[in-house]
Colleague: 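One structure follows; several queries about it will come next.
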Number of protein chains: 2
Amino acid sequence: MARTKGSIGKDTQAAIWQTAKKLIVSHGFEAMTLRQLAAEVGLQPASIYRYIKSKDELLQSLMLEHMGQLLTACQKAVPRHATATRKLEAFVAFHIRYHIERRTDVILANLELRSLQGEAHAQVVTKRRSYEEQLIAILEHGRNEGAFAINELEVAAYAILAMLTGVCFWYNPKGRLSIEEIINEHIALVMRGVAASK
Amino acid sequence: MARTKGSIGKDTQAAIWQTAKKLIVSHGFEAMTLRQLAAEVGLQPASIYRYIKSKDELLQSLMLEHMGQLLTACQKAVPRHATATRKLEAFVAFHIRYHIERRTDVILANLELRSLQGEAHAQVVTKRRSYEEQLIAILEHGRNEGAFAINELEVAAYAILAMLTGVCFWYNPKGRLSIEEIINEHIALVMRGVAASK
DNA sequence: CAATTAAACGAACGTACGTTTGATTATATA
DNA sequence: TATATAATCAAACGTACGTTCGTTTAATTG
């Protein structure tokens, strides 16, 4: 056989990416083989190479794309002119919702950074830092306003991000709690955690 | 060559375990090769098999040992008869200190669970659950006392654990903050986050 | 000091991986 | 409808992996 009936490059490309994400998250990047990926997509191993340059480049694409989208989505979701309290609430809600809806991408980006090398690794780290700085800026704004009581902005930011991202690892779509309920619980924890006593 | 001068099994065993942890954390379990491990320890690949039954069994040993020690250490560190507030403070302090001091083990246990299979996987998950339940019990105690205001015990527990464990991933021994300072920041965040308003 | 055990070695095995090459069939274009 | 292009295949390459085997040397024991 060669070209198969009904085969369209765009669809195959999408299937490869989606399947790759799933396999990487469940087995790890190193443990996933291109043969396994090809088999799940319904191709021969060699055919993958019409769509990727190498296995490493596949991981790079997946991670850089995810980080880029996360940054732009965040900038849209958090209001630029508002109180720090409102900004922080918006940030928490955005982060949890975005991360739950793209759990696969998030887990991948968090667990496979060490499999990334060279230029791409540096780029991902830089983008992650940009994202962290958006939260740090909000916390600083709140401290200047007198609304937040925080000694160490960076520690607080890391703590909050770890807490929120952690949802990805236990969230169950069939579970008792809706995304909104989960968001509200976390908003309560975070806002009380940073709020200045009155 | 064969047996080398001054070679002692106990030392080699320890070197293998320690080096394995380091390599697994930095490259991932699947990416670490036994040849690499042997080379760093100063052995031929075959010699590793005097100390392990297989690569998989090595990971199992490392993870089960870590989880077991974590559980017993926790039970010693958190007072059995005290207010929920004191218990929670003790738990936060213990968790951060223990996790920072054994960052390698912790990162390994958190990132490589998916490389574990069968019986060992189930055992690790069970032990992790036991640990989570210790925190849940403290939170429930505090809610019954009226000291904590928490709607969802489990969500709060997961959130707190994620936040505290996150320290392992950014802590820098040469950084500006001491372990005590980091612990205090987190105690502040957590205690205010869960405290009932008076 | 002889015999036994402990701790390593060197060489090899089969397997599976990422990747390359060139041919083959389906769709799009003119 | 003839031609060009897109999408896949089958087969193979070299490499590196986990692991096994039998041997060799160092330390321990009686």
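Since we're looking at a predicted model, the values are computed, not measured. Sequence lines set the chain letters: A, B, ... in the order given, protein chains first and strands last, and positions in each chain run from 1.
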Colleague: Could you tell me how far apart B:K55 (NZ) and D:dC17 (P) are, to the nearest whole angstrom?
Modeller: 9 Å

Colleague: Would you indicate, yes or no, if D:dA7 has its OP1 or OP2 atom less than 4.0 angstrom from a side-chain nitrogen or oxygen of A:S47?
Modeller: no

Colleague: Can you tell me how the ring of B:W170 sits relative to the ring of B:H186, calling it parallel under 30°, perpendicular over 60° and tilted otherwise?
Modeller: parallel

Colleague: For A:I48 and C:dT21, give me the distance from atom CD1 to atom C1', rounded to whole Å.
Modeller: 17 Å

Colleague: Using a cut-off of strictly less than 4.0 Å, decide whether A:T33 has a side-chain nitrogen or oxygen near OP1 or OP2 of C:dA16.
Modeller: no

Colleague: Using whole Å, report how far CD1 of B:I16 lies from P of D:dG18.
Modeller: 14 Å

Colleague: For A:E154, is there an ion pair with A:R129 - N to carboxylate O distance below 4.0 angstrom?
Modeller: yes

Colleague: Check every atom of D:dT19, D:dC21, C:dG18 against the side chain of A:R35 and return the nucleotide holding the closest atom.
Modeller: C:dG18

Colleague: Closer to the 5' end of DNA chain C via nearest nucleotide, is it B:K10 or A:D56?
Modeller: B:K10

Colleague: Which of these nucleotides, D:dG18, D:dA11, D:dT8, is closest to any side-chain atom of B:Y49?
Modeller: D:dG18

Colleague: Counting side-chain heavy atoms from C-beta on, which of D:dA10, C:dT19, D:dT19 comes nearest to A:S54?
Modeller: C:dT19

Colleague: Please compare A:A31 and A:K53 by the position of their nearest nucleotide in DNA chain C and report the one closer to 5'.
Modeller: A:A31

Colleague: Could you tell me whether B:E181 and B:R176 make a salt bridge, using a distance below 4.0 angstrom between a side-chain N and a carboxylate O?
Modeller: no

Colleague: For the pair A:E133 and A:R128, find out whether any cationic side-chain nitrogen is under 4.0 Å from an anionic carboxylate oxygen.
Modeller: no

Colleague: Which nucleotide wins on minimum distance to the side chain of B:R50, given the candidates C:dT20, C:dA6, D:dA10?
Modeller: C:dA6

Colleague: Kindly point out which of D:dG18, C:dT19, D:dA11 is positioned nearest to the side chain of A:L34?
Modeller: C:dT19

Colleague: Please report, rounded to the nearest Å, how far the C1' atom of D:dC17 is from the CZ atom of B:F29.
Modeller: 13 Å

Colleague: Starting from P on C:dA16, measure out to CD on A:Q36 and report it in whole angstrom.
Modeller: 13 Å

Colleague: Can you give me the closest heavy-atom contact between B:Q75 and B:R80, atom names plus distance?
Modeller: O-NH2, 4.0 Å

Colleague: In whole Å, I'd like the distance from the CG atom of B:D11 to the P atom of D:dA27.
Modeller: 13 Å

Colleague: Quickly work out the B:Q44 CD to D:dT25 P distance and round it to whole Å.
Modeller: 15 Å

Colleague: Please report the distance, rounded to the nearest Å, between CD in B:Q13 and P in C:dA8.
Modeller: 11 Å

